[in-house]
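I have placed the structure first, in the form of structure tokens, so that the comments after it can refer back to it.
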Amino acid sequence: MIEEPKINRNLALELLRVTEAGALAAAPLQGRGNKEAADARAVEAIRSALGSVDMKGTVVIGEGEKDQAPMLYFGEPIGNGLEPEVDVAVDPIEGTSLTASGLPGAISVVALAERGTMFTTHVHYMQKLVVGRRARGVIDLEMPVEWNLRRIAKAEGLPVQELTVVVLDRERNHEVIAQIRDVGARIKLITAGDVAAALEAALETRFGIHCMMGSGGATEGVLAACAIKTIGGDMQAKLNFRDDREKEMAVKEGHKPNKVLCLDDLCSGSDIFFAATGITSGELLKGVRYEDVYAYTQSMVLRSASGTMRIVDAYHPIDNLRAKGLLPEQVAVR
């Protein structure tokens, strides 16, 4: 018997409007070199859009405190106060530097799950290991890189040299990068955008990425876990501390510092909703594009109860966007 979802309507489609608003608000600042301004516009648009959703939401993990950017803060109540009660994970712009530089892969992303089911922490980073359906259940973050890659390769039916591993290009990941190269697998280095990268790894047959490894943002880790649990991939993570103060913070939050976090630790919910909208065009999603009297967006919408993944193309009348303040009057469109 299929268990009835606890949340009896598809909030993911309502989240679609939220991430579209975030992406449309940020898009006019693509390539203009001001990531704080773009983030501020996206935060304002997403906060406003979430405020109209029928839910009693609480932000349990989000961006902002890490880089002194505008933020949807931890513990912020979101929604119009009606049922259901939900946890909210949000990144108004995942890839602020990508947006500011006009580079591919920036997205606006939000996830919801039943109240009390999402992992929450003020620690900024976590080590991550993400794979798709074929390698589900074969990974172990406490084992060496080579051990994991050889098991992933066996599950994928490939020589280890044919694996492609995506890694965030940061100094803290140089050792992982060196170990991957020692094994002989391919590496795709990214400068930002590890939620999108995790999804690409989990959807390995669509993007040719078999694994994601290395340290990235904790918020991005929880957002990715919500999506990966929905689409059937696998993920493990571990908090990555920059100093003793962060380790002490984790202990005060009730976390075991060296614990390997599985998908159910990151999001134990059974009714998960996820939406992401492209800001700048990348491999996962196309970005905002202005076409005559419309602005075009592409989004991904997921719901765990149905297992559905929707890719939604939408056209938004530019006059309406200007009226809502999502497109400033001084920004010219062709």
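- The side-chain hydrogen bond (donor to acceptor under 3.5 Å, both in side chains) check on T99 picks up nothing, with sequence neighbours excluded.
- Here the straight-line distance linking atom CZ of R41 with atom CG of N34 works out to 11.5 Å at 0.5 Å rounding.
- Residues that satisfy the side chain to side chain contact (heavy atoms under 4.5 Å, CB included) test with S268, not counting sequence neighbours, are T117.
- Side chain of Q179 to backbone of E146: no donor-acceptor contact under 3.5 angstrom is found.
- Of the possible polar contacts, one joining the S52 side chain to the A49 backbone as a donor-acceptor pair under 3.5 Å is found.
- Contacts of K188 classified as salt bridge (Lys or Arg N to Asp or Glu O under 4.0 Å), with partners at least two apart in sequence or in another chain: E200, E283.
- In plain terms, the two heavy atoms of S108 and P92 that are nearest each other are OG-O, 2.9 Å.
- Contact of the F119 side chain with the C267 side chain is not registered, since no non-hydrogen atoms from C-beta on lie closer than 4.5 Å.
- Residue pairs satisfying the salt bridge (charged side-chain N to carboxylate O under 4.0 Å, His left out) criterion with at least one member in residues 252-263, sequence neighbours excluded, are listed as follows: K259-D265.
- Heavy atoms only, all atoms of each residue included: L112 and L11 are closest at CD1-CD1, 4.0 Å.
- L168 places none of its side-chain heavy atoms less than 4.5 Å from the side chain of S215.
- Between the CD atom in E94 and the CG atom in L223 there is a gap of 8.0 Å [rounded to 0.5 Å].
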Criterion side-chain contact (heavy atoms from CB on, under 4.5 Å) on S281 and Q298, from CA distance to verdict: CA-CA 9 Å; S281 287; Q298 186 176 69; over 6 Å; no
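- In this structure, L239 is a member of the same hydrophobic cluster as M118, with clusters built from ILVMFWY side-chain heavy atoms closer than 4.5 Å.
- Side-chain contact, T219 with D91: no donor N or O sits under 3.5 Å from an acceptor N or O.
- Counting heavy-atom neighbours within 6.0 Å of E44 CD, excluding the residue itself, gives a total of 12 or less.
- Dense packing is recorded around CZ of F241, with more than 12 heavy atoms of other residues, nucleotides or ligands lying under 6.0 Å away.
- Using a distance-only test at 3.5 Å, with no hydrogens or angles considered, a donor-acceptor pair links the side chain of H255 to the main chain of T120.
- Atom OG1 of T19 is separated from atom CZ of F274 by 8.5 Å, given to the nearest 0.5 angstrom.
- Note: I311 CD1 to L285 CG = 6.0 Å, rounded to the nearest 0.5 Å.
- Nearest heavy-atom pair, S97 versus A192, reported as atom, atom and distance to 0.1 Å: OG-CB, 4.0 Å.
- For the pair T277 and S299, the tightest heavy-atom approach, listed with the atom from each and the gap, is OG1-OG, 2.7 Å.
- Here salt bridge (charged side-chain N to carboxylate O under 4.0 Å, His left out) pairs that include residues 96-106, with residues two or more places apart or in two chains, number zero.
- Looking only at side-chain heavy atoms (C-beta outward), V293 and I318 stay at 4.5 Å or farther from each other.
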Verdict with reasoning, R17 to V53, per side-chain contact (heavy atoms from CB on, under 4.5 Å): CA-CA 10 Å; R17 296 187 297 103; V53 177; 4.2 Å; yes
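- Here CD1 of I228 is found 6.0 Å from CG of L199. Values are rounded to the nearest 0.5 Å.
- At least one donor-acceptor pair under 3.5 Å links the side chain of D243 to the backbone N or O of E246.
- Within 6.0 Å of the CG atom in D313, the count of heavy atoms belonging to other residues, nucleotides or ligands exceeds 12.
- Judged by distance alone, with hydrogens and angles left aside, the side-chain atoms of R133 form a donor-acceptor pair with the main-chain N or O of I231 at under 3.5 Å.
- Note on V130 and I272: separate hydrophobic clusters, where clusters join Ile, Leu, Val, Met, Phe, Trp and Tyr whose side-chain heavy atoms are under 4.5 Å apart, directly or indirectly.
- Checked against salt bridge (Lys or Arg N to Asp or Glu O under 4.0 Å), R289 has the following partners two or more places apart in sequence or in another chain: E291.
- Considering every non-hydrogen atom in both L24 and P28, the closest pair reads O-CD, 3.2 Å.
- Among residues two or more places apart in sequence or in another chain, the side chain to side chain contact (heavy atoms under 4.5 Å, CB included) test is passed with T280 by Q30, A106.
- The shortest side-chain heavy-atom distance between M309 and M300 falls under the 4.5 Å cut-off.
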Please walk me through it: do R310 and L13 pass side-chain contact (heavy atoms from CB on, under 4.5 Å)? CA-CA 10 Å; R310 291 179 172 90; L13 294 177; 4.2 Å; yes
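- Nearest heavy-atom pair, L29 versus A37, reported as atom, atom and distance to 0.1 Å: CD1-C, 3.5 Å.
- Contacts classified as side chain to side chain donor-acceptor pair (under 3.5 Å) and involving residues 159-169 (residues at least two apart or in different chains) are given here: E162-R186.
- Counting only residues at least two apart or on different chains, no salt bridge (charged side-chain N to carboxylate O under 4.0 Å, His left out) pair has a member in residues 171-185.
- Between the CE atom in M235 and the NZ atom in K128 there is a gap of 5.5 Å [rounded to 0.5 Å].
- The same ILVMFWY cluster, assembled from side-chain heavy atoms under 4.5 Å apart, contains both M212 and M126.
- Hydrophobic clustering, with ILVMFWY side chains joined whenever heavy atoms are under 4.5 angstrom apart, groups V109 together with I209.
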Under the side-chain contact (heavy atoms from CB on, under 4.5 Å) criterion, do L98 and T191 qualify, and how do the steps go? CA-CA 8 Å; L98 300 176; T191 60; 3.6 Å; yes
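- Under the 4.5 angstrom side-chain criterion for Ile, Leu, Val, Met, Phe, Trp and Tyr, the cluster partners of V138 are L129, V131, I139, L141, V145, L149, I152, L158, V160, L163, V165, V167, V176, I177, I180, V183, I187, L189, M213, V260.
- Judged by distance alone, the side chains of N148 and D140 never bring a donor and an acceptor atom under 3.5 Å apart.
- Under the side chain to side chain donor-acceptor pair (under 3.5 Å) criterion, the residue pairs touching residues 224-234 are K229-D264, with sequence neighbours excluded.
- Residues satisfying the salt bridge (Lys or Arg N to Asp or Glu O under 4.0 Å) criterion with R115, sequence neighbours excluded, are D87.
- When the side chains of ILVMFWY residues are joined at heavy-atom separations under 4.5 Å, either directly or via intervening members, V288 and L103 end up in two distinct hydrophobic clusters.
- By the 4.5 Å heavy-atom criterion applied to side chains, V60 and F74 are not counted as neighbours.
- No side-chain heavy atom of F273 sits under 4.5 Å from any side-chain heavy atom of V86.
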Under the side chain to side chain donor-acceptor pair (under 3.5 Å) rule, what do D39 and T96 come out as? Steps first, then yes or no, please. CA-CA 7 Å; D39 207 22; T96 52; 5.8 Å; no
